[in-house]
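So the structure is just underneath, and the comments pick up after that.
These numbers were taken from a predicted model, which means no experiment stands behind them. Lettering of chains follows the sequences in order, A, B, ..., and the numbering in each one begins at 1.
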Amino acid sequence: MSQEEVTPDARPRTPERRYDPQELDAKWQARWDADKLYQVRDDDPRPKWYELTMYPYPSGDLHIGHWYAMAPSDAHARFRRMQGYNVLHPMGFDAFGLPAENAAIRRGIHPYQWTMSNIENMRRQLSSMGPVYDWDREIICALPEYYRWNQWIFLQLYKTGLAYRANAPANWCPSCQTVLANEQVVDAKCERCDSAVSRRDLEQWFFGITRYAEELLDFSGLLDWPERIKTMQTNWIGRSEGVEISFDISEYGLDESEIRTFTTRIDTIYGVTFVVIAPEHPLVDRLTTADRRAEVDAYVEQARRQSEVERLSTEREKSGVFTGSYAVNRLNGDRVPIFVADYVLLTYGTGIVMGVPAHDQRDFEFAKKYGLDVRVVIAPDGWNGETLQEAHVEDGTQVNSGPFDGLPVAEGKERIADHVEANGWGSRTVSYRLRDWLISRQRYWGTPIPMLYCETCGVVPVAEEDLPVLLPEDAQFRPTGESPLKYHEEFLNVDCPGCDASAQRETDTMDTFVDSSWYHLRYASPRYDQGPFDPEAARGWLPVNQYTGGAEHAVMHLMYARFFNKALRDLGLVEYDEPYLRLFNQGTIIADRQKMSKSRGNVITPDPYVSELGADVVRTYLMFLGPWDQGGEWSDAGINGMARWLNRVWDIAQRDASTLDAQTADDEAVRSLARMAHKTVRKVEDDMERFKFNTALAAMMELTNHMGRAWDDGGLDSAEWRDAVEKLLLLLAPIAPHVTEELWERSGRPYSIHNQPLPQWDEELARDEEITLVVQVNGRVRDRIQVAASIAEEEAKQLAMESGRVQPYLEGAQIRQVIYVPGRLVNVVVG
RNA sequence: GCCCAGGUGGCGAAAGGGUAGACGCGGCGGACUUAAAAUCCGCUCCCCGCAAGGGGGUGUGGGUUCGAAUCCCUCCCUGGGCACCA
């Protein structure tokens, strides 16, 4: 062999240029598992960090959307580990719910079997991602060891009256054959199956979330929640300040001498020309006069029969009928007719509304239709008595308002409210749109509500020591509209603990959102059997520092969990006010421009990608797609780019650095590699902190690009090269845990890379020595000059003005101003 | 109708009022190869120009500023939420 000179291009690279992802995935997952590398200990002395991802419903197969939720949060949790925290990043399954029961009805599989086999499959799929989950902490809500504590918490809430039973109109989903909470009704349709929801009056169990309405509006305890979610919750709670004001109906000699209405516009009280009462209101019957009876009854009946979709349509023309009775406006003595109309809702305010057609569009339309007076009491600017074409809802000046004429609306409101209160006709109040949480479900696959009905003792709670009330395994699944438990004699019939007479169990089960309202607490001590959670473990881990999940839960799970937390706090079970300190909502991965779903047939499974390209490639690709909170359309077009890059990392990390010492190290080359490495560390750590995985990856790619070029250009030294490789591997480890672990081992570094601290950066080394100074004339770029980063202002300005490219623009012009932005640009303003 | 988020190359996207398009995909050209794949190198917003260079450009129209993708106002479009809540 001849003594060839080693040219840069001929420098030896790794013979093995591509790695085998299946081999690496299997090797390291088995090793981590065997070593319990990710076991989480309560007594670890490092500061704790609880990073929680919304647990999945075990629907059967994991799709790419699950990975999109789980992989980045896993990377973030790993990042925190490497920052030196004792990180709890648990996983479990939201295992109760309708799909399991529907599968039972359709295919004769027991919900338990269906659920548990799905969990097994999904656990395997999740594990293929190489996550940091400590599976010893897994929770499955459908198991008695979990749901008995739902029952226990229910009993605590019952004691304080926060859990109560009431007969109320409920949202009924005819397809799911159960009632739904308000939050589960979207556009008068079932959130789950899209069926049109109807109404049913039923005895139901409620949780008194409205008691916490005011506190739920206070987001100050939440360090970092998306504005969007806070706005959605605020709107959902729907706080309105107003006045409850009564109208006199004493002329009828009923039990009630007055009816109460709620208004946010007490300033318009002199414009009342009628009163409207909701069709379901108990007073309707008594207010209806004999001659109006037939018509009113027919109207009420028709309103009841209507579907919610029809009734809630804003497009629909207003309708109503006169009851025959009148109410007296105490401020001016006016006697106005009382109507029944379905545009007034029983469940909001007092269920009775004062009609002010001049200043409320709904009342305006109603008045037009039924020929009622439109009396202007708030004069629009420049109004001179002409007829209104629509309601004037904006501000103005009080007119036709007795002693309050001439006041601006804001003041009129206050003065009239004072006047009303002083006379005892009403008082200022606050109304909320939020309703109590209806938790009864007429289904089998959920937590049995631990209550009994005894003929002598009435409603009796199951004794705590008798918990759990177990779901019987042998129930018949029939879509009857009633709980299958109702037909299970053994379950149904029990002895009353109070009087030993025969009693019957409550056969409804709890909404599955009850499970998820406190599951974060269970992870602290998942096998604890003296209570829902070990108080000491909970004190150590909670509240959750970082929560991640989809925004679709904004007004359901996320609000219920906040409510539960406050209720548990008031029971003395936890000490903090909010369960989830920080919240990050990842976006949605869509396919064919639609959300992925089995019924649409557009579900993308990660499995084939994982087995072909490896978990690291899929993880990296999902994080590189774009900003995590934005989601996006799934396309595998770019996924090869990630495989290509990880193979480049594979190649670069294994180059034999000892060959570098044979050459003369070039100061500038060494310095420039160090600068690039330190800048990358700074950028990546900053980005990872804020879930900006895509730009963190871009920065790592730039580093590998630089390293590849620098290697070819020569002049490096081995220590600096090794340091750059080490930094790159450490930064990449949270995102691509398998390949980095392998490279870490191959380079002779101690197992495991995932127990290493993050690399440090040195501001001094990261600093640029030379910068590109942009020279503008009147804001337009005319030149770019390389200058020392330390350049003084005067020198920078002078160099800029002397630039040959700039000179022509300055000739004969007057220099008005020279703007200097250190490290960036000089802008010469000429006139 | 109201509230929120967003609109940037062929595509995914980047840009803390200061070089628009980093990074990646795709495309084009080249090296290696008998060939292909893989890999590596180069080019890749549009228009004029051989070039140097010039002009235009971040949904629309205006404004603030020495300077705007970024801040303010108008309108249009897309996605999400709420919707007869008095």
Check the interface with nucleotides 46-53 of chain B: list each N/O to N/O pair with the protein under 3.5 Å, or write none.
| residue | atom | partner | partner atom | Å |
| --- | --- | --- | --- | --- |
| B:G53 | OP1 | A:R805 | NE | 3.0 |
| B:G53 | OP1 | A:R805 | NH2 | 2.8 |

I want to verify a distance call: between [options], whose nearest atom is closest to the [X] side chain?
X: A:D686; options: B:G16, B:A83, B:C41; answer: B:G16
X: A:R644; options: B:C84, B:A83, B:C25; answer: B:C25
X: A:L625; options: B:G81, B:A14, B:G12; answer: B:G12

> Does a salt bridge link A:E763 with A:R767, judged by any charged N lying under 4.0 Å from a carboxylate O?
Replying inline: no

Remember a base hit wins even if backbone is also touched, and classify [X] as base, sugar-phosphate or nothing at under 4.0 Å, heavy atoms.
X: A:M700; answer: nothing
X: A:G641; answer: sugar-phosphate
X: A:K692; answer: sugar-phosphate
X: A:R228; answer: sugar-phosphate

> Between A:K230 and A:E227, does a salt bridge (charged side-chain N to carboxylate O under 4.0 Å, His left out) hold up when you go through it step by step?
Replying inline: CA-CA 5 Å; A:K230 293 195 272 190; A:E227 280 311 313; 3.4 Å; yes

Whole-Å gap separating [atom2] ([N]) and [atom1] ([X]):
X: A:K683; N: B:A14; atom1: NZ; atom2: C1'; result: 9 Å
X: A:Y19; N: B:U39; atom1: OH; atom2: P; result: 13 Å
X: A:W236; N: B:G80; atom1: CH2; atom2: P; result: 17 Å
X: A:N585; N: B:A5; atom1: CG; atom2: C1'; result: 12 Å
X: A:Y621; N: B:A13; atom1: OH; atom2: P; result: 10 Å
X: A:W634; N: B:C25; atom1: CH2; atom2: C1'; result: 13 Å
X: A:W711; N: B:C40; atom1: CH2; atom2: C1'; result: 16 Å
X: A:R709; N: B:G42; atom1: CZ; atom2: C1'; result: 12 Å

Side-chain donor-acceptor pairs under 3.5 Å in residues 623-630 of chain A, sequence neighbours left out?
| residue | atom | partner | partner atom | Å |
| --- | --- | --- | --- | --- |
| A:W628 | NE1 | A:Y68 | O | 2.8 |

> Which value, rounded to the nearest 0.5 Å, describes the distance between A:M54 atom CE and A:L558 atom CG?
Replying inline: 4.5 Å

> Can you tell me how far the CZ atom of A:R619 sits from the CG atom of A:L646, to the nearest 0.5 Å?
Replying inline: 11.0 Å

>> Looking at A:F366, I'd like to know if the NZ or CZ of A:K318 sits under 6.0 Å from its six-membered ring centre while staying within 45 degrees of the ring's axis.
In response: no

> When you measure from the centre of the six-membered ring of A:W236, is the NZ or CZ of A:R433 under 6.0 Å away and within 45° of the axis?
Replying inline: yes

> How about A:W634 and A:Y621: are their ring centroids closer than 6.0 Å?
Replying inline: yes

> 5'-most contact on RNA chain B: A:E227 or A:R265, nearest heavy atom basis?
Replying inline: A:E227

> Given that A:W645 and A:G632 both sit by RNA chain B, which one's nearest nucleotide is further toward the 5' end?
Replying inline: A:G632

Across all strands, who's sitting opposite [N] as a Watson-Crick or G-U wobble pair, both distances under 3.5 Å?
N: B:C84; result: none
N: B:A5; result: B:U78
N: B:G29; result: B:C41
N: B:U64; result: none

> Does a nitrogen or oxygen in the side chain of A:S240 sit under 4.0 Å from OP1 or OP2 of B:A86?
Replying inline: yes

> A:Q630 side chain N/O closer than 4.0 Å to the phosphate oxygens (OP1, OP2) of B:A5?
Replying inline: no

> Are A:M642 and A:L613 side-chain neighbours, meaning at least one heavy-atom pair lies under 4.5 Å?
Replying inline: no

>> Say we look at B:G59 and B:A13: how far apart would their P atoms be, to the nearest angstrom?
In response: 14 Å

> If we ignore angles and hydrogens, is there a donor and acceptor under 3.5 Å between the side chains of A:R435 and A:T347?
Replying inline: yes

>> Side chains of A:E244 and A:T261 only: does a donor on one sit below 3.5 Å from an acceptor on the other?
In response: no

> What string of B, S and - do you get for nucleotides 17-23 of chain B 5' to 3' if you count protein non-hydrogen atoms under 4.0 Å?
Replying inline: -BBS-BB

>> Syn if the chi torsion is within 90° of 0, anti otherwise; quick check, which is B:G9?
In response: syn

